[in-house]
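Down below is the structure, laid out as structure tokens.
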Amino acid sequence: MERRVVDGRLVDGRRPGDGEEFAEGQARFEETIAADQRVEPRDWMPEAYRATLVRQIAQHAHSEIIGMQPEGEWITRAPSLRRKAILWAKVQDEAGHGLYLYGAAETLGADRAELTRALVEGRQKYSSIFNYPTLTFADVGVIGWLVDGAAICNQVPLCRTSYGPYARAMVRVCKEESFHQRQGFELLWTMMRGTRAQRAMVREAVDRWWWPTLMMFGPPDAASPNSARSMAWRVKRHSNDELRQRFVDMTVPQAERLGVTLPDERLRWNPERGHYDFGAPDFAELARVIAGDGPCNAERVRRRAAAHEEGAWVRAAARAHAARRGE
Ligand code: BYC
């Protein structure tokens, strides 16, 4: 019998107790991946594939929910009713994205209450980018333009990720992210055509957010422990560095149009590569922020935990309502 490595273990196509069913499931799973088709919740899948997806989807969901905080802080301070309405709608979209993603994690057998516990107890991660403060209203525009721009680069390929419910959730998320990115650009465009003080505010915000945005794509490929397996399973379709490059190539012409200088002296077009060369982000800073030592980590998690506790009565009321309807 053929012996090969599955889930990091040497196996002979059988698992005690599962017999032929296991080998059949395994073969079907591998065929589905090789044919670039979607794995669905009812299908057999290796436990490590399931665990990888729960890890990534939960982190992604947590990022959307924690990501409501930095911009949410500006809803009451937005400079006009129009800006307030736009920002309010955007932050609500992010709540929706979190909900689709928690729903996708549930199709893998994850329990949503447990995922929230894992987040507030620091057992699961969320994107490093949301641990930086929003100091001025220009940050709202820069988050839309750069952070949502980076999110689009990362998430458009996830519309073709191998797990069906995650891929389908991403289609709607990406449509909304495109709108978010445009609103950020439009806000900055307006400010760049405003007063000298507004232009200075935009430039200062771009300087602060540029490098943390590049870090969103994760560690460099050589230091990315999950990439090889996630790419073999087509959970990830491109490496961290490929997507970082794609983002830089997409953003530089937009910065030129906007009239802002990106804070990287090494940034220049390389005609031989057909891409922009750029400097390396401070990956030691990324590691510190991921480990919990960023400027706002403690505050973000504390507020998330408080919001969850304050919402206990809503969950209790929903459960009582469902029980009365016999659901
Ligand atoms: N921040 O082996 P690697 C949004 C972790 S929300 C924190 O390369 P992988 C928005 C990584 O998890 C968009 N942690 O991992 C919302 C791993 O740790 P574990 C959020 C990071 O999974 C509101 C370890 O480092 N997007 O756009 O192959 C308002 C080693 O990394 C980060 C997603 O979640 C980071 N930046 O690749 C506005 C996209 N980078 O789990 C906007 C979905 C790495 O082994 N996720 N880590 O303990 C992904 O595409 C991938 O998970 C990543 C990382 C590219 C992020």
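Counting starts at 1 for both ligands and their atoms, following the listed order.
Of all the listed residues (Gly144, Ser128, Pro212), Ser128 holds the heavy atom that lies closest to atom 36 (N) of ligand 1. Heavy-atom proximity to atom 44 (C) of ligand 1, evaluated over Pro219, Ala228, Ser127, Ala95, is greatest for Pro219. The option from Val173, Val235, Asn154, Leu146 that lies nearest to atom 39 (C) of ligand 1, judged by heavy atoms, is Asn154. When Lys236, His62, Lys90, Gln56 are checked for heavy-atom proximity to atom 9 (P) of ligand 1, Lys236 turns out nearest.
Looking at Ser63 next to ligand 1, no N or O pair under 3.5 Å apart turns up. Annotation: Tyr166 places no N or O atom under 3.5 Å from an N or O atom of ligand 1; distance criterion only. The shortest N or O to N or O distance between Pro225 and ligand 1 is below 3.5 Å. Considering backbone and side-chain atoms alike, Asn226 places an N or O below 3.5 Å from some N or O of ligand 1. Polar contact with ligand 1: absent for Ser230 (N/O pair, distance under 3.5 Å). Considering backbone and side-chain N/O of Glu64, none are found under 3.5 Å from N/O of ligand 1. For ligand 1, one of its N or O atoms has an N or O atom of Lys125 under 3.5 Å away.
Within the 4.0 Å heavy-atom shell around ligand 1 one does not find Gln124.
Few gaps surround CD on Glu121; more than 12 heavy atoms of other groups in view lie less than 6.0 Å from it. The neighbour count for Arg324 CZ, taken as heavy atoms of other residues, nucleotides or ligands under 6.0 Å away, does not exceed 12. More than 12 non-hydrogen atoms from other residues, nucleotides or ligands lie less than 6.0 angstrom from CZ of Arg38. Residue-environment remark: CZ (Arg315) exceeds the threshold of 12 foreign heavy atoms within 6.0 Å.
When non-hydrogen atoms are compared, ligand 1 lies under 4.0 Å from neither the backbone nor the side chain of Phe283. By the criterion of a heavy-atom distance under 4.0 Å, the side chain of Asp148, and not its backbone, is placed next to ligand 1. Proximity of Leu243 to ligand 1, defined as any heavy-atom pair under 4.0 Å, is not found for any part of the residue. Contact annotation: for Asn240 versus ligand 1, heavy atoms closer than 4.0 Å belong to the side chain alone. When non-hydrogen atoms are compared, ligand 1 lies under 4.0 Å from the side chain of Gln155 (C-beta onward) but not from its backbone. Contacts between Met68 and ligand 1 below 4.0 angstrom, taking non-hydrogen atoms only, are absent altogether. Contacts between Ile290 and ligand 1, counted as non-hydrogen atom pairs separated by less than 4.0 Å, involve the side chain only. Residue-level proximity to ligand 1 for Ser224 is carried by backbone and side chain together, each with a heavy atom below 4.0 angstrom. For His60, heavy-atom contacts with ligand 1 shorter than 4.0 Å involve the backbone as well as the side chain. Here Tyr126 has backbone heavy atoms under 4.0 Å from ligand 1, and that is the only part of it that gets that close.
No donor-acceptor distance shorter than 3.5 angstrom exists from the side chain of Asp249 to the backbone of His275, with no hydrogens or angles considered. Not one N or O on the side chain of Asn270 forms a donor-acceptor pair closer than 3.5 Å with the backbone of Asp277. One N or O on the side chain of Arg199 and one on the backbone of Gly194 form a donor-acceptor pair closer than 3.5 Å. Judged by distance alone, the side chain of Arg325 and the main-chain N or O of His321 form no donor-acceptor pair under 3.5 Å. Under the 3.5 Å distance criterion, the side-chain polar atoms of Arg300 are matched with a main-chain donor or acceptor of Tyr132.
By the 4.0 Å N-to-carboxylate-O rule, Glu114 lies close enough to Arg117 to be salt-bridged with it. Between Glu40 and Arg168, at least one side-chain nitrogen of the basic residue sits less than 4.0 Å from a carboxylate oxygen of the acidic one, meeting the salt-bridge criterion. Using a 4.0 Å cut-off between charged nitrogen and carboxylate oxygen, Arg234 and Asp36 count as a salt-bridge pair.
Ring-plane geometry between His97 and Tyr100 is classed as tilted, the angle between the planes lying from 30 to 60 degrees on a 0 to 90 degree scale. Aromatic ring orientation, Phe29 versus Trp44: perpendicular (interplanar angle above 60°, classes split at 30° and 60°).
Not a single protein heavy atom sits closer than 4.0 Å to atom 53 (C) of ligand 1.
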